[in-house]
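One-based numbering, in listed order, for ligands and for the atoms of each.
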Amino acid sequence: FWLIVGIRRRQPGEPPLENGLIPYLGCALQFGANPLEFLRVRQNKFGNVFTCKIAGQFVHFVTDPFSFNSVMRHGRHFDWQKFHFATSAKAFGHSNIDSSDSEVTQNVHDSFLKTLQGDALDPLISNMMENLQHTMLQNSSYKVNSKDWVTEGLYAFCYRVMFEAGYLTLFGKEFNSPEDKNLARQEAQRALILNAIENFKEFDKIFPALVAGLPIHVFKSAYSARENLAKDLLHENLRKRNNISELISLRMFLNESMTSLNDMEKAKTHLALLWASQANTLPATFWSVFYLLRCPHAMKASTEEVQRVLEKASQKVNCDGRYIFLNRHELDDMPVLDSIIKEAMRLSSASLNIRVAKENFVLHIDDKQAFNIRKDDIVALYPQMVHLNPDIYEDPNNFKYDRYLGEDGKEKTSFFLNGRKLKYYYMPFGSGKTKCPGRQFAVHEIKQMLTLIICYFDMELVDKNIRSPPLDQSRAGLGILQPTHDVDFRYKLKAH
Ligand code: HEM
């Protein structure tokens with residue numbers, strides 16, 4: 001009987017178990033409604049490690065940040081890509097890449113590290129700098145000048161500027177340079193981006209449903225949005241573009257050796273990268289700009305920092321079509337902006353770090369605690385429990401722009417719980433082997449956006465005392481949460 005209704009009995013040595021009240025779904029609805037509250041209640045009841053049945057899976061939550069290292073140390077017992085490949089196949093519609101084919105998975109993983117980190121960041125950063133300024137200053141639909149205020153939704157603004165600049169940085173352009181004055185090419189480029197933004201929004205809206213296992217055919221317009229996005233990314237179309245990033249060109253090369261993928265499926269591996277590069281970055285940019293505009297201390301400190309770095313780099317802002325450039329090292333010398341971005345992400349991140357057990361094994365937490373884990377079970381960390389823990393972060397729901405600044409004005413890295421220094425206090429990018437490979441680029445591009453709006457625009461929220469819009473909890477588990485509604489702001493070019 002227990003097997004038929006999918007209920008598991010806790011065996012000796014296993015963590016405390018909650019099957020939930022509903023067959024198959026288990027605790028999924030309660031967890032989905034408010035994961036943080038759900039986990040805090042179970043932590044109080046069961047202790048720091050417990051198991052919940054969620055949508056047919058048994059998930060072992062490890063909630064004490066001092067135990068996270070122990071989870072990382074058991075890497076050889078986990079298949080950390082099985083879940084990712086299966087989720088990616090479900091959401092983007094390519095066939096499932098076999099995670100047991102270690103050569104393929106290693107190649108894919110290595111390609112991310114090779115093309116998104118270290119020296120590979122330099123061309124990404126310089127292309128992004130150019131693309132951001134092109135999008136902000138030359139977009140013909142919004143006539144920014146130094147006399148008239150333009151009013152727009154802040155999320156809409158961050159979305160369109162970052163999406164366009166990020167898309168062009170990864171997938172290249174149909175024209176060669178901003179000096180390329182071929183109007184037809186510029187227009188075609190603009191039409192492609194505007195379509196891509198609308199399609200991305202439509203597809204991203206149902207992303208949580210796809211991850212939960214609903215078939216995309218239920219959502220007709222999202223399905224065609226996804227297919228249209230992918231069509232632009234067919235290899236034959238990408239080959240017509242200039243200045244494609246190393247990330248995408250290497251992936252095109254790897255795809256060519258995967259005979260199991262047809263042309264559209266190859267395009268969908270690029271769509272997965274488009275999603276990974278945008279879905280978190282867009283809301284993270286919104287929250288960073290929102291808090292910057294709402295907090296005069298943050299604005300003052302960051303304006304001073306931007307001026308210092310520009311002067312040191314001998315860059316002058318002018319609106320005569322010449323762009324400013326800051327390289328990786330100059331951007332790395334901005335601890336105030338780093339702190340603002342970190343604090344904005346601490347408040348808005350709700351990712352779930354997941355690992356799947358390859359075999360039955362014993363998870364040793366510390367000298368006193370060890371738990372039996374069964375093959376195919378999931379071990380999960382939910383960093384929001386750390387990010388919003390008042391014993392780690394005082395007044396955790398409030399934005400403090402200098403929370404990650406030390407007294408010496410440099411990055412602060414000492415955070416404590418019960419008098420012990422924490423290694424894991426900030427994890428919006430995941431942890432261990434599954435950590436986001438694009439995290440450095442992500443922070444750089446948000447920092448570039450903040451720098452440029454400070455340089456070029458006078459900006460203010462229409463309602464200066466507006467409260468933060470609530471986080472859209474329907475995406476909890478997937479990363480940085482979006483605001484449930486937009487916030488109006490106005491901007492005009494600074495008179496230089
Ligand atoms: C994976 C966060 C931006 C590329 C991930 C994961 C997280 C994450 C939490 C999954 C880690 C896990 O499963 O435990 C973020 C956040 C971003 C961001 C918060 C922005 C604020 C980017 C950007 C890129 C990128 C800009 C690329 C240009 C990737 C890729 C993966 C990934 C390729 C999959 C890695 C794999 O499966 O091996 N990201 N990310 N991300 N991210 Fe990011």
Side-chain angles (χ1 to χ4, degrees), residues 68 71-72 75 78-89 91-92 97 99 104-117 120-121 123-125 127-128 158 162-163 165-171 211 244-248 250-251 254 269-289 338 341-356 378-384 387 424 426-450 475-482:
F68 291 176
V71 175
M72 315 296 164
F78 293 117
D79 180 336
W80 51 276
Q81 286 197 315
K82 191 175 176 177
F83 183 81
H84 291 90
F85 282 158
T87 310
S88 175
F92 300 107
I97 298 171
S99 69
V104 171
T105 55
Q106 196 57 43
N107 276 346
V108 170
H109 184 64
D110 290 349
S111 74
F112 296 153
L113 303 185
K114 194 165 158 235
T115 59
L116 284 168
Q117 300 188 6
L121 279 171
L124 286 172
I125 286 172
N127 285 334
M128 190 70 187
C158 294
M162 285 299 268
F163 185 93
Y167 191 103
L168 298 179
T169 300
L170 248 51
F171 298 102
V211 173
I244 290 191
S245 64
E246 252 189 278
L247 170 72
I248 299 303
L250 182 56
R251 192 60 193 264
L254 289 176
T269 65
H270 302 306
L271 176 58
L273 286 178
L274 173 67
W275 188 86
S277 71
Q278 298 277 3
N280 285 306
T281 312
L282 299 170
T285 306
F286 164 79
W287 292 112
S288 303
V289 180
D338 271 322
I341 296 167
K342 269 190 161 171
E343 177 68 342
M345 287 215 266
R346 179 187 68 80
L347 284 166
S348 57
S349 156
S351 61
L352 189 61
N353 297 189
I354 280 181
R355 288 157 174 79
V356 183
I378 286 177
V379 174
L381 314 178
Y382 194 62
Q384 202 183 40
H387 294 159
Y424 294 99
Y426 177 74
M427 309 165 70
F429 292 109
S431 51
K433 264 254 184 190
T434 60
K435 211 168 182 180
C436 170
R439 62 193 181 279
Q440 290 144 355
F441 177 53
V443 174
H444 279 108
E445 58 180 342
I446 299 173
K447 212 187 277 181
Q448 290 174 302
M449 172 80 161
L450 295 178
R475 306 177 69 91
L478 290 176
I480 305 291
L481 302 184
Q482 304 175 354

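A 4.5 Å side-chain heavy-atom check between I248 and L273 finds at least one atom pair inside the cut-off. A 4.5 Å side-chain heavy-atom check between L347 and W287 finds every atom pair outside the cut-off. At a threshold of 4.5 Å between non-hydrogen side-chain atoms, the residues L481 and P283 do not count as touching.
Proximity of V443 to ligand 1, defined as any heavy-atom pair under 4.0 Å, is not found for any part of the residue. Under 4.0 Å from ligand 1, the heavy atoms of L273 that appear belong solely to its side chain. Residue I480 touches ligand 1 through its side chain alone, judged by heavy-atom distances below 4.0 Å.
Between F171 and H270, the ring planes lie perpendicular to each other; the angle is over 60°, past the 30° to 60° tilted range.
Take atom 43 (Fe) of ligand 1 and draw a sphere of radius 2.8 Å; the protein N/O/S atoms inside it number 1.
Using a non-hydrogen distance threshold of 4.0 Å, Q278 does not register as a contact of ligand 1.
Counting only heavy atoms of the protein, atom 14 (O) of ligand 1 lies nearest to T434 OG1, 2.9 Å. Atom 26 (C) of ligand 1 has E445 OE2, 3.4 Å as its closest protein atom, hydrogens excluded (heavy atom only).
Applying the side-chain hydrogen bond (donor to acceptor under 3.5 Å, both in side chains) criterion to S88, with sequence neighbours excluded, gives H94. Residues that satisfy the side-chain hydrogen bond (donor to acceptor under 3.5 Å, both in side chains) test with T169, not counting sequence neighbours, are N131.
Closest heavy-atom approach to atom 38 (O) of ligand 1 among the candidates W275, F441, F112: F112.
Here salt bridge (charged side-chain N to carboxylate O under 4.0 Å, His left out) pairs that include residues 342-354, with residues two or more places apart or in two chains, are K342-E411, E343-R346, E343-R403.
Backbone and side-chain nitrogen or oxygen atoms of K435 are examined, and none is located within less than 3.5 angstrom of a nitrogen or oxygen of ligand 1.
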